[in-house]
Amino acid sequence: MAGYEYVSPEQLAGFDKYKYSAVDTNPLSLYIMHPFWNTIVKVFPTWLAPNLITFSGFLLVVFNFLLMAYFDPDFYASAPGYKHVPDWVWIVVGILNFIAYTLDGVDGKQARRTNSSTPLGELFDHGLDSWSCVYFVVTVYSIFGRGPSGVSVFVLYLLLWVVLFSFILSHWEKYNTGILFLPWGYDISQVTISFVYIVTAIVGVEAWLCIMCDSSNEFIKLFQKL
C-alpha cells in the first residue's frame, strides 16, 4: 500500500486548471448556517490552516463514534432490559456533532479568507467527509439499536449504502459537470442529528422506540388494507 499511487500524475496535472464551483440552494444553509459560519470564521486567526480545521472536525466525528462504541459496543444498549447509554453522553455527542458540522462549514471560508484555497485542500476535505458518512450513520444507530424493538443490522447496512451512494453520486455529477450541487440532505441531517441527540438525553431512548412501534403498526395496518 505504501507504493500505491492514489492520485496519478495526470490527475495532479489537472489540479492546475481546477476551480472550485458549487451550488447551494438549501434555505437552511443559505439563510441560517452560512451567516452563522461567516460570523464564526472571524474568530479563527488567519494563521490557522484550513486543513487543520477540517481535520479537527473529522476527529470530533471519530471521537463520537469511539465514545458510542465504548458505551454501546454491540448496539443493544437502547433495547429494553439493557443498560442504557448515560444521558450526558447523548448531550456530549450532540454538541460535538454540531461543532464538527460547523468546522466543516467554516474550513472553506477560512481557505478563501486567507487565500489558501487549493484543489488538494478540497480533496482532503471531501475525502474525510466520505469517511464521516460511515461514522455518522453508525453513531446514530445506537439511538435505536438492535433487538425486537430496534432496527436490524441489515437495515443499517442499507442505510450506509444509501448515504455513501448519495455522496458518491453528487461527486460523480461534479466530475461530469464541473459543478458540485450540494444536496439538501446534508445540512438538514446534521442539524437534525444534533437535535435528536440532545432530545434523546431528555426524553430517553424509550420515546423513539414508542414512535417506531407506532409507525410499524400503522404500516402494518396500511399493508393489510392493500
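Atoms considered below: every heavy atom in the structure, side chains included; atoms not considered: hydrogens, waters and symmetry mates.
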- With the side chain counted from C-beta on, respond yes when D129 and F167 share a heavy-atom pair under 4.5 Å apart, and no when they do not. yes
- Query: Is there side-chain contact between V85 and I143, with heavy atoms separated by less than 4.5 Å?
  - Reply: no
- Answer yes or no: does atom CZ of F55 have more than 12 heavy-atom neighbours from other residues, nucleotides or ligands under 6.0 Å? no
- Nearest 0.5 Å, what's the CG-OH distance between L128 and Y135? 10.0 Å
- Item | Donor-acceptor pair, side chain of E173 and main chain of G178, under 3.5 angstrom | no
- Any L180 side-chain heavy atom under 4.5 Å of H126 side chain: yes
- With a 4.5 Å limit on heavy-atom distance, are the side chains of V162 and F165 in contact? no
- Between F136 and N97, is any pair of side-chain heavy atoms under 4.5 Å apart? yes
- Task: In sequence, state the C-alpha distance, the side-chain angles, and the governing distance for T102 and F36, and then conclude on side chain to side chain contact (heavy atoms under 4.5 Å, CB included).
- Result: CA-CA 9 Å; T102 300; F36 173 68; 3.8 Å; yes
- Query: Is there side-chain contact between S142 and Y197, with at least one heavy-atom pair below 4.5 Å?
  - Reply: no
- Message: So does L182 get a backbone contact from the side chain of D24, meaning a donor-acceptor N/O pair under 3.5 Å?
- Response: no
- Message: Can you tell me how far apart CG (D107) and CZ (F44) are? Round to the nearest 0.5 Å.
- Response: 9.5 Å
- Task: Mark yes when over 12 heavy atoms from residues, nucleotides or ligands other than F181 sit less than 6.0 Å from its CZ; otherwise mark no.
- Result: yes
- Query: Is there a donor in the side chain of Y186 and an acceptor in the side chain of D104, or the other way round, less than 3.5 Å apart?
  - Reply: yes
- pair S116-P50: side-chain heavy atoms closer than 4.5 Å: yes
- Query: Any side-chain heavy-atom pair from R146 and V151 closer than 4.5 angstrom?
  - Reply: no
- Message: Within the 3.5 Å criterion, strictly below it, is a donor on Y157 or W161 matched to an acceptor on the partner's side chain?
- Response: yes
- In terms of side-chain heavy atoms, does T54 have a donor or acceptor partner in D125 at a distance below 3.5 Å? no
- Item | Close aromatic pair by centroid cut-off 6.0 Å: Y175 and H171 | no
- Query: Between W90 and Y82, is there a shared hydrophobic cluster once you connect ILVMFWY residues whose side-chain heavy atoms come closer than 4.5 Å?
  - Reply: no
- Query: Can you find a side-chain donor-acceptor pair between D187 and Y101 that sits under 3.5 Å?
  - Reply: yes
- Polar side chain donor-acceptor pair, S29 to W184, under 3.5 angstrom: no
- Task: Verify the ring-centre separation between F71 and W88: is it less than 6.0 angstrom?
- Result: yes
- Message: I need the T39 OG1 to H34 NE2 distance, nearest 0.5 Å.
- Response: 12.5 Å
- Value for CG (L59) from CG (L52), rounded to nearest 0.5 Å, stands at 9.0 Å
- Under a 4.5 Å side-chain heavy-atom rule over Ile, Leu, Val, Met, Phe, Trp and Tyr, are V138 and V93 clustered together? yes
- Item | Co-membership, hydrophobic cluster, residues L48 and V43, 4.5 Å side-chain | no
- Hydrophobic cluster membership, V155 vs M68, 4.5 Å side-chain cutoff: yes
